[in-house]
2 protein chains.
Amino acid sequence: MSEQTRNQAHLTRLREALEGGRLLPVKRSLQALNPAEIAGLLESLPPQERNVVWEMVDREDDGEVLLHLADEVREGLMREMDTAELVAAAEELDIDDLADFIEHLPETVTQQVLKALDADDRARLESVLAYEPDTAGGLMNTDTVTVRPDVSLDVVQRYLRLRGDLPPHTDALFVVDRYGAYLGTLPLDKILTRDPDSLVQAVMEHEREPFLDTLSDREVAQRFENADLVSAPVVNEKGILLGRITVDDVVDVIRAEADHNLMAMAGLDEDEDLFAPVRKAARRRALWLGVNLFTACIAARVVGMFEATISQVVALAVLMPIVASMGGITANQIVALMVRGLALGQVGSGNTGALFKKEIAVALINGLLWGLVIALVVLFWFKSPALSLVIGLALVMNLGCAATAGVFVPLLLRRLRLDPALAGSVVVTTFTDVMGFFLFLGLGTLILIH
Amino acid sequence: MSEQTRNQAHLTRLREALEGGRLLPVKRSLQALNPAEIAGLLESLPPQERNVVWEMVDREDDGEVLLHLADEVREGLMREMDTAELVAAAEELDIDDLADFIEHLPETVTQQVLKALDADDRARLESVLAYEPDTAGGLMNTDTVTVRPDVSLDVVQRYLRLRGDLPPHTDALFVVDRYGAYLGTLPLDKILTRDPDSLVQAVMEHEREPFLDTLSDREVAQRFENADLVSAPVVNEKGILLGRITVDDVVDVIRAEADHNLMAMAGLDEDEDLFAPVRKAARRRALWLGVNLFTACIAARVVGMFEATISQVVALAVLMPIVASMGGITANQIVALMVRGLALGQVGSGNTGALFKKEIAVALINGLLWGLVIALVVLFWFKSPALSLVIGLALVMNLGCAATAGVFVPLLLRRLRLDPALAGSVVVTTFTDVMGFFLFLGLGTLILIH
């Protein structure tokens, strides 16, 4: 785990050069990197150094580098660019990338960029812009190479030679009829390995089911993963070929979704800049802390209901965080399982019942085990069998509550169209805290106070 | 978010058919799925139904389906298979997949599988098996198609036509010298679009830097992502071409790493079966709960030091969970940022100082803000300015501790070759709990007790 990755090595070298004020080596080492690597590097730098390095990036790479940056970092850098620079950066991009990019531009710049495009490109851009970015239509590029079914492979090859380079990630041509309807896929290796006299329609494949333009990006990613695709055709509801999605964009979707789940579980945005300006970062984190302060106050009110009990048996105050925290751990584990299961489409109304039965059984077994352990520890510590009984019972019951909340809260949030990764752990942890304090102090009052 | 994905639709349909006892529709719907989809479906089913459906999977797909399953689910199903079935499943696999598969087989079955291979395949399998699965060598497949630099594209094409189908995900051939040393890459589209009389060496690309066989899979994934690769050559330290890595395997690495981070933050294994047998799931979760019980007891001991104080001012017991929980939230947010930063190679010795400065500033701003808010709430609730002062001060100080631990604990764990995602949040949360109770009750003793 502790080997230095290439990214870290770049970072170390660059910072040494920057600190020494040697800008030439910085510029030279930037030229050896691709736009995605430069973007990663910029994200790793504190704001001041980031601006210095950004100035040294080759102007031709500006557009691609900006695209690879997390939203927040990009916005920071773009704020310092003037219109001419932004237009120049946009001009270097492919249509699908340009569509992403244009959403981040101020209206006046957008107009200028559109003016700089030729009519064809403008039409293609507008067709992509018509889609939400998180749909197949929003992900697609319009640079498909199409052929007709009734020509021979030899003709296809002569056409390709005439045409010159193919767009990146072209592993296949798409076969369409005269109206542009998608018929099938002609992989490049088929053109190379089959008899040149064969007709396209005899060789083309039909397995690659085209994606409807309105399909969600998560679903697109799942199908790419499941079928090991490199590229896939996108069609509208009439079956007309609109463009294609390539695996590099799908990898970005997978990475973004995974990032989202990881960061959201901690109440963060996946586009959070590692070096966001302090005021901005503080403002955003404040919200989550405020929510937590509110829920912690609810838990404190529950404890407050038992002030009289605590003043008689102070040991209850000493032990009460244990019951709450064991419930929190149990619930968070289940929420993590559920978030992943929901993301992969593996959890649904079909298996909720079976899942709940399993989780409640697991929680009760662990509740009995650790309830017994903590009861013995408490017996040894406070020499009070009644207190032992209270904490053991409260632990079992709270783990049962935790399992119930862990399974059903994420499902409920999903049904309410809220993000289970973002809201799940707060809701569930508040619940287990409140129940933990209530059960432990409530049982304490019943059993210990006479 | 709440649309039903294709996976969920499969699941619902399948479970309805199973419940109705209609096995023919089940079998028919399985036939329409690819092995990865079948694997996803099996993972979503409780054990009994899983076994029924597994029996209905086409024998030819067995190997591929098993490969796509999470470790635990696979082991469960393989335990029920006899040697002949396992050997048959293995025979359907590519060499790189077979290498993964064979690690999960009992020794006797492995011998039989090896015997069933021809000498060539056995040699290739052994060359892949020599590597750790999490290296470039372990990820690679040996099905490269190679050409010499001094032949013309026309000759290459005739060779390909003679050879027939290319291996899946072949977007390029690799150019090697007579000793097998890697020289460059010949993309398929170049063969199709360039003059047939050109020599390979004039057309081949050098940009695709070959991967050393010992490179870690994380680093491989990062380079694939950064350079948008579909396939890449793997060489040994002498530069001899050993095989190639394809993007489908890289997508699996990315997904597995993301899963790992998400699940590890909750103390779970990414291979955890959604429907693990209750006893097994309980045993594994027990460990994490045990660790938490231990750390919660440490926190309780700290509270115990202040029993005398609490018995005089019960309000302290009521309010103490608030300070601890705000610290936990702050620390967990930073741990999530750090885990992602470390995974992407964006955090290292080069920028730790700058990161710490930012995080401590953010924490102190939020500490002051929410410290003031909670002080006002407490003043209103308990009418004690001194108690208000205690909780406000404790909150600011605990958020400072949380920021410090959040930044440095993951770095320290990484240096100790421990997993920051797995251990980070436990260590850090224990620390913020202990500090939260200590600061709040300690300040309470100093300021409130006379």
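Each chain gets a letter, A, B and so on, in the order its sequence line appears, and its residues count up from 1. All values below were derived from every heavy atom in this structure, side-chain atoms included, with hydrogens, water molecules and symmetry-related copies excluded.
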- [ ] Just do the side chain to side chain contact (heavy atoms under 4.5 Å, CB included) check on A:Leu192 and B:Leu160 with the steps written out, would you?
- [x] CA-CA 7 Å; A:Leu192 285 166; B:Leu160 291 179; 4.0 Å; yes
Pick one of side chain, backbone, both or neither for [X], based on which atoms fall under 4.5 Å of a heavy atom in chain B.
{"X": "A:Val347", "answer": "both"}
{"X": "A:Lys190", "answer": "side chain"}
{"X": "A:Leu162", "answer": "neither"}
{"X": "A:Ala354", "answer": "both"}
{"X": "A:Ser311", "answer": "both"}

If you look at every heavy atom in [X] and [Y], which pair is closest and at what distance?
{"X": "A:Thr193", "Y": "B:Gly164", "result": "CG2-O, 2.9 Å"}
{"X": "A:Ala317", "Y": "B:Ile310", "result": "CB-CG2, 4.1 Å"}
{"X": "A:Ala361", "Y": "B:Val278", "result": "CB-CG1, 3.7 Å"}

So what's closer than 4.5 Å to chain A heavy atoms on [X]: side chain, backbone, both or neither?
{"X": "B:Leu364", "value": "neither"}
{"X": "B:Ile254", "value": "side chain"}
{"X": "B:Met326", "value": "both"}
{"X": "B:Met320", "value": "side chain"}
{"X": "B:Glu359", "value": "side chain"}
{"X": "B:Ala299", "value": "neither"}

Count the heavy-atom pairs under 4.5 Å between each of [options] and chain A, then report the option with the highest count.
{"options": "B:Leu344, B:Val303, B:Asn292", "result": "B:Asn292"}
{"options": "B:Asp259, B:Val373, B:Asp433, B:Val426", "result": "B:Asp259"}
{"options": "B:Leu229, B:Leu268, B:Asn226", "result": "B:Asn226"}
{"options": "B:Leu369, B:Thr330, B:Ile329, B:Asn332", "result": "B:Ile329"}

TODO: Evaluate whether atom CZ of A:Arg163 has more than 12 neighbouring non-hydrogen atoms of other residues, nucleotides or ligands under 6.0 angstrom away.
DONE: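 Enclosed.
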Task: Short side-chain donor-acceptor distance under 3.5 Å, B:Gln222 and A:Glu37 - done: no
Open item on the list: Taking ring-ring contact (aromatic ring centres under 6.0 Å, His included) as the definition, give me every residue that meets it alongside A:Phe224, ordered by chain and number, with sequence neighbours left out.
Closed with: A:Phe211
TODO: Run the salt-bridge test on A:Arg194 and B:Asp165 with the 4.0 Å N-O cut-off and return the result as yes or no.
DONE: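 Salt bridge present between A:Arg194 and B:Asp165.
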Task: B:Ala282 backbone acceptor or donor facing A:Asn366 side chain under 3.5 Å - done: yes
Task: Option in A:Phe306, A:Phe437, A:Trp381 with maximal non-hydrogen atom pairs under 4.5 Å from chain B - done: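 Most pairs with chain B among the choices: A:Trp381.
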